[in-house]
Amino acid sequence: MKKLLAILVALTLALAGISAVAEEEKVTLSFLRIGNDEAERAFWQWAIEAFEKENADVRIAYEEAPIGESMDTVLNTRFASGEGVDLIGHGILSVAQRVEANQYMAIDEYFDSWEGKDDIMPSVLANGTYNGHVYGLGYSVTPYVFAYRSDLLEEAGIAVPTTWDELADAARELTKKNESGEVEFAGFCYPQTGGNLVELDVFVYGNGGQYIVDGEPVFADNEAVAGALSFLRELIPDVSLTYSSSEVNPFVSGSAAMTLINNAALTTMLKNPEYEGKVGIALPPNNGVKASFCGCNMLFIGTKCQNPDAAFRFISFVLSKEATLKRAEMVKIPVTRTSLVEAYAAMDPMNLARSECVTYGTGMPRVTWSTGFQAVRNELSQNVVFGDMDIAEALNKAQTDIEFRING
């Protein structure tokens, strides 16, 4: 019995030793994601648990940071201390700045061998590409959609607008004004102020335009931008209510017939029984080029990561077809893979339009001066659409302002 007991003790100690060694050999990857919303958190908890179950040699240490300064403060502190972060979930505005700061790793070799490289939507892939290299892969997209009151359009016998001219005609037809000529119900609403007036971008892109060519700003003498501004200045003051993009869109509160709106911001209205069956969405009306704006959060590997193979293994798992569809179900976020559009559309009749807005969506410029671009573009919109500044003068001012911000 003593001999048997000794053998059992030895085996127990041996197994404990093996377990300890296995735990020591397990790779731990730090993962910091922007945002702290519950639906996202639930998805990441599912994804991490499922990944670790299939990859027993990897552990994901998950953290969240609020959108804005908190996320960037955490990253700046970690990299300044030499610690860094292995996996980073961040947005478009971070790409150029953090690549130039040598904080995001180029993942071209991993991407080239990834099974989804030909399936990810080109518009989504573009968001994480910088100077010809792939740094981030999109997991979350936030397209702007053209939202309209289908009941009001039907009552007025108006087809859903697909062109600028149709939009202008429908907006004027559906606008209601008081005796003083002030708009009480907007035919189409467009924000006067706000932190990031991407609504102008939708019209610029839909007119075949760009603000940046070969990495350089091109506001002055930009005919496409001028055309978009001219159209909006003639239309918006006559059909829109005054509001800021940081406020609730009048469309959501039932005070407008049509608008451009972040897909997520429309959720409360779609859940409101008062508007059930009365709201539709589509790709924004254009002036010859299908286009929208689409934000994107991506997964990056930090340059301090000691186990990039394991890190990309996690990225490829999260962006797999199974996980992407799971995310669409849990977070109500459009898919980023072309092959999944049909399955995504089967979840909700509106999802086809959401996917189209992602497919033709362009995100914020991937330049180190993107924050300055926002300010200059916002002022341009305010000066022309809601002001009386000459368009050519406003564009020249924008060119001077952005060059000053870039060059100091």
Side-chain angles (χ1 to χ4, degrees), residues 29-54 58-75 78 85-95 98 104 116 120-121 124 127-128 136-145 195-196 198 246 261-271 293-302 311-337 340 343-344 347-348 350-351 354-355 357-358 361 363-364:
L29 298 174
S30 58
F31 174 29
L32 178 67
R33 179 189 70 84
I34 188 170
N36 51 12
D37 44 303
E38 292 185 8
E40 283 276 1
R41 184 179 301 120
F43 167 77
W44 287 110
Q45 289 173 341
W46 170 85
I48 291 170
E49 182 178 346
F51 173 78
E52 291 181 343
K53 187 175 181 180
E54 292 186 11
V58 182
R59 174 180 173 272
I60 306 295
Y62 175 70
E63 297 178 77
E64 298 173 349
I67 295 172
E69 293 184 4
S70 296
M71 175 68 174
D72 289 317
T73 298
V74 173
L75 283 176
R78 296 278 182 86
V85 180
D86 297 316
L87 288 156
I88 303 161
H90 210 342
I92 302 172
L93 289 178
S94 73
V95 176
R98 297 200 177 275
Y104 287 170
I120 188 170
M121 295 177 180
V124 175
N127 293 318
L137 294 175
Y139 66 86
S140 177
V141 285
T142 52
Y144 265 62
V145 300
N196 193 12
V198 301
S246 60
I261 189 169
N262 182 317
N263 173 59
L266 192 60
T267 302
T268 55
M269 188 179 192
L270 295 177
K271 290 183 177 179
F293 174 86
C294 187
C296 183
N297 284 342
M298 293 160 278
L299 290 171
F300 304 90
I301 299 177
F312 193 80
R313 213 191 314 163
F314 177 70
I315 290 176
S316 61
F317 177 88
V318 171
L319 299 182
S320 66
K321 291 183 179 181
E322 177 190 0
T324 299
L325 281 178
K326 184 74 172 181
R327 179 180 179 78
E329 294 172 358
M330 294 180 68
V331 193
K332 310 304 179 186
I333 292 291
V335 295
T336 57
R337 297 178 64 136
L340 298 179
Y344 175 61
M347 297 179 185
D348 184 331
M350 288 188 175
N351 284 350
R354 293 186 175 105
S355 289
C357 291
V358 175
M364 289 295 294

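Everything numeric here is computed off the predicted structure, so don't read it as measured data.
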### Message
Please tell me whether Ser94 and Tyr104 have a donor and an acceptor in their side chains that are separated by less than 3.5 angstrom.
### Response
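Yes.
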
Enter the distance from [X]:[atom1] to [Y]:[atom2] here, rounded to the nearest 0.5 Å.
X	Y	atom1	atom2	result
Asn297	Asn127	CG	CG	10.0 Å
Cys296	Met121	SG	CE	11.0 Å
Phe314	Glu52	CZ	CD	8.5 Å
Trp44	Met330	CH2	CE	11.5 Å
Leu270	Met350	CG	CE	5.0 Å
Phe31	Glu64	CZ	CD	9.0 Å

### Message
One thing to verify: whether Asp348 and Arg354 come together as a salt bridge, which I'm taking to mean a side-chain N less than 4.0 angstrom from a carboxylate O.
### Response
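A salt bridge is present here (some side-chain N lies under 4.0 Å from a carboxylate O).
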
### Task
Please report the C-alpha distance between Val335 and Lys321 in whole Å, then the side-chain angles of each, then the deciding distance to 0.1 Å, and finally whether the side-chain contact (heavy atoms from CB on, under 4.5 Å) criterion is met.
CA-CA 9 Å; Val335 295; Lys321 291 183 179 181; over 6 Å; no

### Message
Any side-chain to backbone donor/acceptor pair from Ser320 onto Phe317? Under 3.5 Å, distance only.
### Response
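Indeed, once roles are kept as given, a pair shorter than 3.5 Å links the two residues.
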
### Query
Judged by atom type as modelled, is there a donor-acceptor pair below 3.5 Å linking the side chain of Ser30 to the main-chain atoms of Asp86?
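It does hold such a pair.
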
### Task
Please step through side-chain contact (heavy atoms from CB on, under 4.5 Å) for the pair Val318 and Phe51, ending with a clear verdict.
CA-CA 8 Å; Val318 171; Phe51 173 78; over 6 Å; no

### Message
Between Leu266 and Met269, does the side-chain contact (heavy atoms from CB on, under 4.5 Å) criterion hold? Intermediate values first, please.
### Response
CA-CA 6 Å; Leu266 192 60; Met269 188 179 192; 4.1 Å; yes

Considering all heavy atoms, the nearest [X]-[Y] contact:
X	Y	result
Arg41	Asn36	NH2-O, 2.8 Å
Ile315	Leu137	CG2-CD1, 4.2 Å
Asp72	His90	OD1-NE2, 2.9 Å
Ile92	Cys294	CD1-O, 4.1 Å
Val95	Met298	CG2-CE, 3.9 Å
Phe312	Ile301	N-CD1, 3.9 Å

### Query
Can you tell if the side chain of Asn263 reaches within under 4.5 Å of the side chain of Pro334, non-hydrogen atoms only?
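Counting from C-beta outward, Asn263 and Pro334 do come under 4.5 Å.
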
### Sub-4.5 Å side-chain heavy-atom contact between Val85 and Val74
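Counting from C-beta outward, Val85 and Val74 never come under 4.5 Å.
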
### Parallel, tilted or perpendicular: ring planes of Tyr144 versus Phe293, cut at 30 and 60 degrees
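Plane angle over 60°, so perpendicular.
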
### Task
Evaluate the criterion side-chain contact (heavy atoms from CB on, under 4.5 Å) for residue pair Thr336 and Val358; output intermediate values, then yes/no.
CA-CA 8 Å; Thr336 57; Val358 175; 5.7 Å; no

